[in-house]
Number of protein chains: 2
Amino acid sequence: MTFGEYIRVIREEKQLLLREVASQMNIDTALLSKIERGTRIARKEQVEALAKALKQNKSEMLQYWLADKIVFMLKEEKNITEILKIVEQKINRLSKK
Amino acid sequence: MTFGEYIRVIREEKQLLLREVASQMNIDTALLSKIERGTRIARKEQVEALAKALKQNKSEMLQYWLADKIVFMLKEEKNITEILKIVEQKINRLSKK
DNA sequence: TTTGACTTGTCAATATTTGTCTAATGTAAG
DNA sequence: CTTACATTAGACAAATATTGACAAGTCAAA
C-alpha cells in the first residue's frame with residue numbers, strides 16, 4: 001500500500017471529503033487528490049497537517065511517507081537488497097559513533 | 001565512509017589529480033572537489049563518468065551513491081530502523097507481485 | 001616567493017516543484 | 001435527462017532548488 005492509498009483509506013473510514021481535509025490543510029482539493037493518487041508528493045509540512053486533520057499519529061504517518069519516498073527512489077534499481085544493506089551498514093556506523 | 005570519501009580514496013590510490021579526473025568527466029575541478037567533500041551531490045551521469053574515469057564497476061559505484069543519498073534522507077530521523085523495515089516490506093511486496 | 005593542487009564563495013542560467021485555476025469526468029438523486 | 005456535488009486532469013505562473021562556471025582563496029612543497 002502506497003502512502004496515498006494509506007491516507008485515502010483513513011479519510012474514507014472517517015467519511016471525510018477531500019474538500020474538507022484539504023481545507024483543514026490549507027491546500028487546494030486538487031492537490032490532495034493528487035497526493036492520494038500518487039501523482040504528487042506531499043511535503044513534510046503537509047503530511048503533518050494531514051496527520052492533524054485525520055487525527056493520526058504524526059510520526060507514524062511521517063514514517064510511511066518517508067518509506068514511500070525511499071521506495072520510489074529505489075523502484076527502478078536492480079540490486080535493491082544490496083543497496084539497502086549498504087544503507088543499513090552506514091546507519092549502524094553512524095549510531096555507533 | 002561516505003560516497004565522497006570513497007571516491008577520493010580510489011582516486012588517491014590511483015594517484016590521479018582532481019584536475020585529471022574532472023577533465024575526463026568534462027566537469028570543473030571545483031565541482032569534483034565538492035563532490036568528494038560532500039558539499040555537492042553528483043548527478044547520476046556524473047557518477048557513471050566517474051566510474052569510467054576511475055575504471056571502477058559502474059553499478060557498484062551507483063549503489064554506493066544511491067545508498068548515500070538515502071542515508072542523507074534518513075540522517076535526521078528518529079526511527080530509522082522502523083522506516084527501513086517498512087521500506088523492506090514494501091519492496092518485498094513489489095517483487096512478489 | 002613561486003608553483004601547482006585543491007577549496008570556497010558567489011552567481012546567473014536552468015530545471016524542477018509547487019499550488020491554483022479551469023474544465024472535464026464521474027455519480028447519485030430527483 | 002438535469003442537477004448537484006465530489007473528484008480528477010491539464011495547464012500555467014510563481015516559487016525554489018540545482019547546476020556549472022568563474023574568480024579568489026588556502027595550503028604545502030620546492
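First the proteins, then the strands, lettered A, B, ... as listed; each starts at 1.
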Can you tell me how far CD of B:Gln24 sits from CG of B:Leu50, rounded to the nearest 0.5 angstrom?
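If I round to the nearest 0.5 Å, the distance is 10.0 Å.
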
Nearest 0.5 angstrom please: A:Met1 CE to B:Ile86 CD1, how far?
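Reported to 0.5 Å precision, the distance equals 11.0 Å.
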
I need the full list of ring pair (Phe, Tyr, Trp, His ring centres under 6.0 Å) pairs touching residues 15-51 of chain B, with sequence neighbours left out, sorted by first then second residue.
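Qualifying pairs: none.
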
Do the side chains of B:Ile70 and A:Leu74 get nearer than 4.5 Å, heavy atoms only?
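Yes. Closest side-chain heavy atoms under 4.5 Å.
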
For the residue pair B:Lys14 and B:Val21, establish whether any side-chain heavy-atom pair is separated by less than 4.5 Å.
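Side-chain contact under 4.5 Å: no.
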
Intermediate values then yes/no, side-chain contact (heavy atoms from CB on, under 4.5 Å), A:Leu31 and A:Gln46
CA-CA 11 Å; A:Leu31 179 50; A:Gln46 290 168 341; 3.9 Å; yes

If you look only at pairs with a residue in residues 31-51 of chain A, which of them pass as a salt bridge (Lys or Arg N to Asp or Glu O under 4.0 Å), with sequence neighbours excluded?
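Checked against salt bridge (Lys or Arg N to Asp or Glu O under 4.0 Å) - neighbours excluded - the pairs reaching residues 31-51 of chain A are A:Arg8-A:Glu36, A:Arg11-A:Glu36, A:Arg43-A:Glu45, A:Lys44-B:Glu77.
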
Under 4.0 Å from any heavy atom of chain A: name the first and the last nucleotide of DNA chain D that qualifies, 5' to 3'.
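In short, chain A contacts DNA chain D from D:dA6 to D:dA11.
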
Which residues share a ring pair (Phe, Tyr, Trp, His ring centres under 6.0 Å) with B:Phe72, sequence neighbours left out
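In terms of ring pair (Phe, Tyr, Trp, His ring centres under 6.0 Å), with neighbours along the sequence ignored, B:Phe72 is linked to no residue.
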
Would B:Val47 and B:Phe3 satisfy side-chain contact (heavy atoms from CB on, under 4.5 Å), going step by step from the backbone distance to the final call?
CA-CA 10 Å; B:Val47 177; B:Phe3 177 74; 4.1 Å; yes

Shortest non-hydrogen separation from B:Lys90 to A:Ala67 and the atoms involved
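Residues B:Lys90 and A:Ala67, closest heavy atoms: CE-CB, 4.4 Å.
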
Under 3.5 Å, which protein N or O atoms sit close to an N or O of nucleotides 5-11 of chain C? Give each pair with its distance.
| residue | atom | partner | partner atom | Å |
| --- | --- | --- | --- | --- |
| C:dA5 | OP1 | B:Arg19 | NH2 | 2.6 |
| C:dA5 | OP2 | B:Arg19 | NE | 3.2 |
| C:dA5 | OP2 | B:Arg19 | NH2 | 2.9 |
| C:dC6 | OP1 | B:Arg11 | NH1 | 3.3 |
| C:dC6 | OP2 | B:Leu18 | N | 2.8 |
| C:dT7 | OP1 | B:Arg8 | NH1 | 2.8 |
| C:dT7 | OP1 | B:Arg8 | NH2 | 3.3 |
| C:dT7 | OP1 | B:Arg37 | NE | 3.3 |
| C:dT7 | OP2 | B:Arg8 | NH2 | 2.7 |
| C:dT7 | OP2 | B:Ser33 | OG | 2.7 |
| C:dT7 | O5' | B:Ser33 | OG | 3.4 |
| C:dT8 | OP1 | B:Arg37 | NH1 | 3.4 |
| C:dT8 | OP2 | B:Arg37 | NH1 | 2.9 |
| C:dG9 | O6 | B:Lys34 | NZ | 2.7 |

Take atom CG of A:Asn26 and atom C1' of C:dT20, then tell me their distance rounded to the nearest Å.
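After rounding, the gap between these two atoms is 13 Å.
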
Residues touching DNA chain C, which here means a heavy atom under 4.0 Å, drawn from residues 45-55 of chain A:
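Those residues are A:Gln46.
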
